[in-house]
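Numbering starts at 1 and runs along the sequence shown.
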Amino acid sequence: MKETINWQKLHTETSDIVWMGKSQQTPLNSTGDLIDIDWGYFYIAAQKSVKMAYYRNGKMLEASYVLDDEVTFLVGYDDIHAINYFGTPCNALWKEKHLTMYNLLENYLNEIPKNLENCQKIDQEIQKNAIRVGGETLEFLTSLSYRQSICAHKLIRNPEGEIIFLSKECSSNGCIGTVDISYPSMPLYLLYQPELVKGMMRPVYHFANLPVWEYDFAPHDVGRYPYVTGQVYSLNEVDNIQIGRRDTIFDYYALPAGQKVYLEEHQMPIEESGNMLIMNAATFLIDQDEVFFTQHLTTNLKWADYLLAFGQDPKNQLCTDDFAGHLAHNANLALKAINALALFGKALVEISHEKASIYQGAAKEMAQVWLQMANSGEKTKLAFDQEDSWSLKYNMIWDQLFELNLFNQETREQEVDHYLAQINDYGTPLDSRKTYTKADWIMWTATLSEDKEKFETMIAPIKKYLEESNSRVPFSDWYDTVTADVMNFKNRTVVGAIFMPLLKEQLLLEGRKNV
């Protein structure tokens with residue numbers, strides 16, 4: 001259907017602003033991945049000394065020429081409402097301080113020197129720290145990743161006034177608040193603003209405590225962008241209506257118990273429960289927010305008990321690398337359960353909880369069993385029953401960061417040595433099955449080594465891939481290590497994982513891991 005577009009010029013004492021948008025606005029009227037927004041208003045703003053050209057139907061209405069070598073202009077998008085949060089339309093957080101987008105743009109233009117200085121300050125801080133930790137390669141990767149990670153989120157407040165930080169699972173299925181997307185993104189936010197990690201978790205806890213979610217493990221997501229209306233991953237049929245279609249909006253969160261909305265065989269029980277426990281415990285050990293930690297304690301204890309019961313040798317199920325399919329006896333998934341129990345147990349020590357020693361003790365015992373089951377000479381297996389297999393053991397990183405004493409450094413170095421022996425032109429594959437890899441997991445496993453040369457050798461191919469790939473898309477985390485071709489994903493928040501080595505250094509410098 002052809003839409004009528006309105007546009008208008010706004011003139012103030014210091015700036016000229018042009019905006020455009022549909023004449024009839026329909027906020028939050030569609031959902032899905034790779035679907036363009038068709039509501040809201042697009043703005044371009046420039047300082048008064050800069051005149052812009054205006055066109056309508058290809059005809060120039062007004063034009064002038066810029067004489068200065070340097071021009072400052074801003075673009076902005078007002079989406080009217082940002083998120084449907086469990087039935088409540090919520091605005092983007094910027095609207096708390098600015099009545100309209102043109103107020104925001106004008107205020108920003110009037111303070112350009114100060115705003116640019118602030119941008120340069122964070123750029124320089126990241127650049128300096130990255131070069132110190134991982135040389136020019138890490139500086140290159142961090143500079144390409146942190147804005148992308150932030151921009152793949154929406155920042156709002158829930159009706160209770162709490163910060164909510166929601167990711168979109170770009171180039172996958174458009175899910176919002178996906179737990180195994182938040183998990184790799186976390187290092188960037190633990191390093192600079194832990195409150196945003198809590199903002200990732202709050203909607204997950206809210207949904208997990210509703211009657212429709214009847215499992216003893218954590219959910220995968222909380223809806224499909226921009227609708228936080230309940231998990232859409234692995235949907236069943238309700239009343240013979242296929243509610244899983246990508247263009248369908250349905251209030252799953254409001255359904256009562258007993259509806260069998262979700263197919264259990266396609267859930268990620270150990271993956272998501274381990275992710276949530278690690279995110280919660282790591283955040284608490286860093287910022288000591290006991291109120292948030294204890295607020296969700298009952299739910300976390302339930303998920304920890306699930307890992308205790310089923311985490312040693314996972315059944316045939318999916319992990320975050322779900323594109324690789326189901327896998328039984330997944331050694332890396334077992335590592336996630338073990339690290340999650342140990343880290344959660346360490347956090348429980350801080351509040352003198354009676355189950356702290358139970359989870360910590362169990363994790364240490366499970367780690368010893370894991371070493372026996374996973375061992376395959378000078379490497380560890382992809383799956384306990386696949387002798388000649390191997391995989392990147394990225395879930396081992398939390399043991400090192402928080403000194404959980406599950407594995408020794410010799411074990412970690414042996415793993416990294418094996419990964420180095422498997423490197424192709426553009427990186428180490430994810431595992432022994434395919435030549436594709438994940439940039440986030442390469443970064444985490446490289447961080448396991450205390451040898452700077454090994455670390456830099458392992459991450460260098462990521463930079464080479466980004467420079468030489470024929471797939472000219474925003475930083476893709478999933479690509480082929482032989483051809484440098486992007487597999488599918490692009491423009492995702494998970495590149496926040498690139499900051500793991502900086503998080504490791506920060507924990508060491510501040511002694512937070514000994515809290």
Side-chain angles (χ1 to χ4, degrees), residues 28-33 35 83-90 154 158-159 164 166-170 172-183 200-277 279 296 298-307 309-310 314-320 322-323 325-326 333:
L28 304 172
N29 71 341
S30 61
T31 177
D33 191 23
I35 295 176
I83 297 292
N84 179 319
Y85 191 77
F86 296 107
T88 301
C90 295
K154 276 296 178 77
N158 63 15
I164 304 294
L166 291 156
S167 64
K168 180 180 181 183
E169 193 171 345
C170 300
S172 181
N173 59 6
C175 285
I176 192 168
T178 303
V179 176
D180 58 284
I181 295 294
S182 296
Y183 176 69
M200 297 173 183
M201 292 186 280
R202 287 187 179 107
V204 180
Y205 285 123
H206 183 90
F207 176 68
N209 290 319
L210 294 174
V212 68
W213 186 255
E214 302 181 71
Y215 296 117
D216 290 332
F217 51 80
H220 168 272
D221 62 81
V222 291
R224 182 173 289 119
Y225 186 91
Y227 275 75
V228 179
T229 51
Q231 177 173 311
V232 296
Y233 196 85
S234 185
L235 284 166
N236 202 345
E237 293 185 358
V238 176
D239 295 333
N240 297 317
I241 300 175
Q242 189 175 355
I243 60 176
R245 288 177 53 196
R246 294 193 175 191
D247 60 350
T248 302
I249 298 166
F250 193 89
D251 290 341
Y252 315 110
Y253 74 93
L255 293 173
Q259 303 305 303
K260 297 182 179 179
V261 179
Y262 302 106
L263 298 169
E264 185 169 2
E265 61 264 33
H266 294 300
Q267 301 301 320
M268 300 185 186
I270 292 176
E271 174 69 40
E272 310 301 16
S273 299
N275 290 340
M276 287 297 290
L277 288 177
M279 290 170 67
H296 306 290
T298 300
T299 302
N300 285 332
L301 288 168
K302 177 175 66 175
W303 292 342
D305 287 341
Y306 185 92
L307 296 182
F310 302 105
K315 295 180 180 179
N316 190 36
Q317 61 183 255
L318 294 169
C319 71
T320 183
D322 59 350
F323 47 79
H326 285 71
L333 199 54

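Applying the side chain to side chain donor-acceptor pair (under 3.5 Å) test to pairs two or more places apart or on separate chains, those with a residue in residues 208-219 are Asn209-Thr299.
Taking the ring-ring contact (aromatic ring centres under 6.0 Å, His included) definition, one finds that Phe86 meets it with His206, Tyr253, sequence neighbours left out. For the ring-ring contact (aromatic ring centres under 6.0 Å, His included) test, no residue two or more places apart in sequence or in another chain qualifies with Tyr227.
Note: Leu166 CG to Ile181 CD1 = 13.0 Å, rounded to the nearest 0.5 Å. Distance OH/Tyr183 to CE/Met200: 13.5 Å, rounded to 0.5 Å. Note that OG of Ser273 and CZ of Phe217 are 7.0 Å apart. Values are rounded to the nearest 0.5 Å. To the nearest 0.5 Å, atoms OG1 (Thr178) and NZ (Lys168) are separated by 11.5 Å. Distance check, rounded to the nearest 0.5 Å: CG of Asn275 to OG of Ser182 gives 8.5 Å. Here Gln231 contributes atom CD and Arg224 contributes atom CZ; the two are 11.0 Å apart, rounded to the nearest 0.5 Å.
Side-chain atoms of His326 never come within 3.5 Å of backbone atoms of Lys315 as a donor-acceptor pair (strictly under, hydrogens ignored).
Nearest approach of Pro203 to Val222, heavy atoms of both residues: O-CG1, 3.5 Å.
Checked against the 6.0 Å centroid criterion, the rings of His266 and His220 do not qualify as a close aromatic pair.
Two residues are said to be in side-chain contact when any heavy atoms from C-beta on lie closer than 4.5 Å; Ile176 and Ile83 meet this criterion. At least one side-chain heavy atom of Asn84 sits under 4.5 Å from a side-chain heavy atom of Leu28. Using a 4.5 Å cut-off on side-chain heavy atoms (C-beta onward), Leu255 and Phe250 make contact. When side chains are defined from C-beta on, Val232 counts as touching Asp221, because their heavy atoms get closer than 4.5 Å. In this structure, Met268 and Asp180 have side chains that are in contact, with non-hydrogen atoms separated by less than 4.5 Å.
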